[in-house]
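Proteins get letters first, then strands, A, B, ... in listed order; numbering begins at 1 in each. Keep in mind that what you see is a predicted model, and the values were worked out from it rather than measured.
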Amino acid sequence: MWKILRDLLRYNWEFTAGVILLAGVTIVALLSFVSPYPPLDVYVVAPDLPPSMEHWLGTTSRGQDVFWQLSVAIRNTLAFGIVVALISRVIALAVGLFAGYAGGPVDRLLMSVNDTFIVVPIFPILVLFYFVMRDQMSWGLLALVAACLGWAYDARLIRSIALSLKTREFTAQSAFSGMNAGEIVTREHLPYVMPVVFTTTMNNMNWSIGLEVTLSVLGFTDVNTPTIGGMIYWANQHAALVSGIWWWIAAPVALVIAVFVALFLLAVSMNEYIDPRSRLARMGGG
Amino acid sequence: MTVPLLELRSVGKTYAGGGLFSRRRVAAVKQVSFTLAAETPEVFAIIGESGSGKSSLARMVLGMSTASEGQVLFRGQDLAASRGRSARLDFMRQVQPIFQNPFEAFNPLTRVDRYLYATARNLTGAKNQSEAEAAADQALQQVGLSLTELRGRFPHELSGGQLQRAAIARALIPGPSLLVADEPVSMIDASLRMTIVNLFRELRDRLQVSILYITHDLATAYTISDRIVIMRQGEVVESGDARAVLAHPQHPYSIQLKNSVLSVEGAWNDDDDALAHGTTRSTEGTRP
Amino acid sequence: MGPILAVEGLKAYYQMRYFGTLREVRAVDDITLEIQRDEIYGLAGESSSGKSTLIKTIARAIRPPLNVVDGAVRFDFAGQGPRDIYTLSAPELAATRWRHLSYIMQGSMNVLNPVRRIRHSFVDFAFRHMSLPMPAFLRRVEEHLGHLSLRPDVLESFPHELSGGMRQRVTIALATVCRPDFIIADEPTTALDVVVQKGVLEMIRRLQREMGSSVLFVTHDMAVHANLTDRLGIMYAGRLVEEAPTRALFRQPLHPYTAHLIRSLPRIGDDTPRHGLEGRPPNLASPPPGCRFHPRCPLAMEVCQQTTPVMQELAPGHRVACHAAAQGILP
């Protein structure tokens, strides 16, 4: 495993670039734990200061240091993306693998649910959720709702792989080795869908972070929790661009773009590496 | 009269055929009956070309699909009537499959020996890893391999012949009374093929296991089978003692099949010039 | 005129670079052979013997990671003088394909476009090589089909409407309608049922005799070689190990591997026991030193482990690469 990572870092520039970008973003996020200012307090520093040695990225009109605010915001945004991706992966894997393996009525039932989730418009539902929940609409609840809406497409992808795996001879061989459906799905079929899971994790994080930023910018989330979207929301509320406080907007936008690019590069390079055929070729079976 | 090991009573299998809007039913297997006795293990060959229904028949005998008509009885039990996981596990202790392509029958992403341990644990009640390994090694010895050669190996590290022997060893672990081998040597290289074919015969004698050998290859069927049936388009056209049927086939299709088999000797059994012109001459006879 | 095809010292390796380390699979390693006009040359070998790679290399149908490392493939079509196929320009190559050099593949569906009628496939592949107006071209195609006992209405069918045997006949008709000088046939009957296979082989034989073309026929099935080919080359682990007129080869194989292939064939009416060969074909990324067959060879001597045997002509037209055979030890 470590050897693979080392080889990837040495020979795959997309992977290296992605790792470096993501490491930079992660360091910024981790610095939030040693922040000199409490993240939720306002007017702790002089407002509207441009970037300087004292305040690297300037300060906001609300009297917060942009760098330290950004550090907390990216931590929350990344955590949001990871939680959504993990929950939705689990749902997508469970539905996709079992629908594909079971086939017949189970497959038809699961896929009709799945297709419903594919066609429902996600954004209006989230907005509706916000208006219904209002004050109870916390960060965690939003993550849960987004995860419940973000698995369907990938589940269909996983099911299509599971369907073809079901007809392979090794599936029958496993069944005649006395393995039950759960063992066959998790031990025989799961390794085949892992590449899909890895790349869709990156894509899903990109999707959910984008979703969170969009909702926050429009104010449809708990804006008191600092996130990237929340920062842009407050900057807009104070007409930051009009009054020339550009660093308040530029810093979060640049950082979230860095996250998008990093995740995209990782998805591309890992997909190439984890693809079973190229992996087999490397092991000498190709 | 004791209960036979395997009995097929007028077994038929139909599939929905044709296009999306067609109600046409395609019969893959029609009215097939035969019996394998429990007391005398034998290699029973089912011979047929593509579309003869031989693989559909194998799937029904393995309980992987159910007969549309008639009954498949294993030790007097109708396979369609036995349900539930414990009944299925009981069945697997008695009947095991061997598949066509050994490179497909083992998951290329996992180690080969894992299937042997899983079989030992699930079907023989091996309680821990060392018991499972002992059972696997014992079965591997039966096919001329050993666990030391196989431990931790991935499928691509073994030859087709070794893999197919490992697959046979896995099937032998629960001590089955019937092996269903569907084209087990068609993907094996010629230099390794006879090892597998001969192994079936040895296993019949040594372990008293019956083998349902499904193939399109008349020559290997002749070499190892006791009895054969020849199928064409889902129907049995001829059956009986392997040597008698293949040496003197009676049904026109069996005769045609036998005459179509190319042999090295057949290439020059007439005169000195037979090799160069033998095939040309027979063309003249068949040209419309 | 000289031979139609001369392969000299051909080496074609799969060269893959994984994270900085070069991995080389020597699928075709130093092969020299000649194919005469008006003969069927058989090529036999098991999986990973390199036979498919060899014919791909001969037809210049290779793509990276497969590269020609050394050697030459010289074709001499219609007495134009030998030319290395790897020195032809792209237009020259396109003009050569189908007109002089054609290909019959194992899966007929790879050639026939599944969504277009057979007629279109003939037009796509052969029309521009025939320099005939369209009605005359179609008449020629129908005539050719009739000659192969195919009814002209197959031209109006889709590939999936034909049986496997019919489709393979159509692809053979397609490959031969321009009367090419050289035909490469890659396992054309392996996927067919035995009854159909015999008819297709007879058809190939008859066409070859009539057109006077040369055929390079590849299959692992020794019985097919015995019935069809004039000369036969045996490949093992990327090398040619024996070559002889087919009949001489079957009568007295000189290489122990060939002898095993022939003697292990089961046959109806013969009860003498047949045995498989222990071991496995070597990994071509790291083949054993010396003779590549020595780990499995019943006649292996000390010299076999160290020195690679070279092809020697031990009888007229009978070449073999074996230390034992060179010393007169017969397998």
Side-chain angles (χ1 to χ4, degrees), chain B residues 48-52 103 144 156-162 185 187-199 201 216-224 243 246-247 253 256-268 272 274-284 286-288, chain C residues 40 44-49 149 163-164 189-199 201-206 209 220-230 236 245-247 250-251 257 260-281 283 296:
Chain B
E49 307 236 79
S50 56
S52 63
F103 291 97
H156 69 262
E157 297 175 293
L158 301 166
S159 76
Q162 285 173 311
V185 294
M187 306 295 283
I188 310 278
D189 275 331
S191 68
L192 305 165
R193 187 173 294 165
M194 286 316 289
T195 315
I196 306 286
V197 171
N198 292 334
L199 182 61
R201 220 187 157 86
H216 70 279
D217 181 10
L218 275 68
T220 55
Y222 177 86
T223 312
I224 60 162
R243 266 121 225 287
L246 288 172
Y253 177 71
Q256 191 195 5
L257 201 60
K258 187 191 168 191
N259 289 341
S260 300
V261 174
L262 296 172
S263 71
V264 172
E265 294 74 18
W268 49 69
D272 268 2
L275 176 64
H277 301 293
T279 49
T280 327
R281 193 177 303 130
S282 53
T283 317
E284 258 108 54
T286 54
R287 202 187 300 167
Chain C
I40 301 186
E46 302 178 291
S47 57
S48 80
S49 64
S149 318
S163 69
T189 59
T190 303
L192 302 178
D193 288 335
V194 290
V195 176
V196 184
Q197 165 177 289
K198 195 171 188 191
L201 290 175
E202 282 165 357
M203 183 170 132
I204 292 175
R205 181 81 200 183
R206 185 158 60 86
R209 283 287 179 258
H220 66 278
D221 191 336
M222 291 299 279
V224 170
H225 283 299
N227 282 274
L228 183 74
T229 59
D230 300 314
Y236 184 79
T246 306
R247 195 160 175 194
F250 276 94
R251 269 202 184 135
Y257 175 66
H260 171 79
L261 280 184
I262 294 169
R263 285 169 197 160
S264 68
L265 284 173
R267 121 180 191 229
I268 299 170
D270 183 353
D271 289 343
T272 45
R274 303 284 198 269
H275 298 289
L277 202 56
E278 281 304 313
R280 59 175 300 194
N283 181 353
R296 301 172 76 189

Within a strict 4.5 Å, meaning less than it, do heavy atoms of the [X] and [Y] side chains meet?
X	Y	answer
B:His216	C:Asp193	no
B:Glu49	C:Val194	yes
C:Asn227	B:Val264	no
B:Met194	C:Pro266	yes

### Query
Who pairs with C:Asp270 by side-chain hydrogen bond (donor to acceptor under 3.5 Å, both in side chains), at least two apart in sequence or on another chain?
C:Thr272, C:Arg274
### Query
Partners of C:Ser49 by side-chain hydrogen bond (donor to acceptor under 3.5 Å, both in side chains), sequence neighbours excluded?
none
Proximity breakdown for [X] and chain C, heavy-atom pairs closer than 4.5 Å:
X	answer
B:Thr220	both
B:Arg201	neither
B:Asn198	side chain
B:Leu158	backbone
B:Asp217	neither

## Note on the structure
Between C:Asp271 and B:Arg243 the two heavy atoms that sit nearest each other are OD1-NH1, 2.7 Å
### Task
Kindly give the heavy-atom pair with the smallest separation between C:Ser264 and B:Ala190, and that separation in Å.
OG-O, 4.1 Å
### Query
Just by distance, do the side chain of B:Lys258 and the backbone of C:Ile268 share a donor-acceptor pair under 3.5 Å?
no
### Query
Taking it one step at a time, do B:Leu262 and C:Leu201 satisfy side-chain contact (heavy atoms from CB on, under 4.5 Å)?
CA-CA 10 Å; B:Leu262 296 172; C:Leu201 290 175; 3.3 Å; yes
## Note on the structure
Interface check, chain B: of C:Arg296, C:Met222, C:His220, most non-hydrogen pairs under 4.5 Å belong to C:Arg296
## Note on the structure
So CG of B:Leu192 and CG of C:Leu277: to nearest 0.5 Å the spacing works out to 7.0 Å
### Query
When rounded to the nearest 0.5 angstrom, what is the spacing between CZ in C:Arg267 and OG1 in B:Thr223?
11.0 Å
### Message
Can you tell me which portion of C:His275 sits under 4.5 Å from chain B's heavy atoms? Options are side chain, backbone, both or neither.
### Response
both
### Message
At a heavy-atom distance under 4.5 Å, which candidate from B:Ala219, B:Ala247, B:Gly144 has the highest pair count against chain C?
### Response
B:Ala219
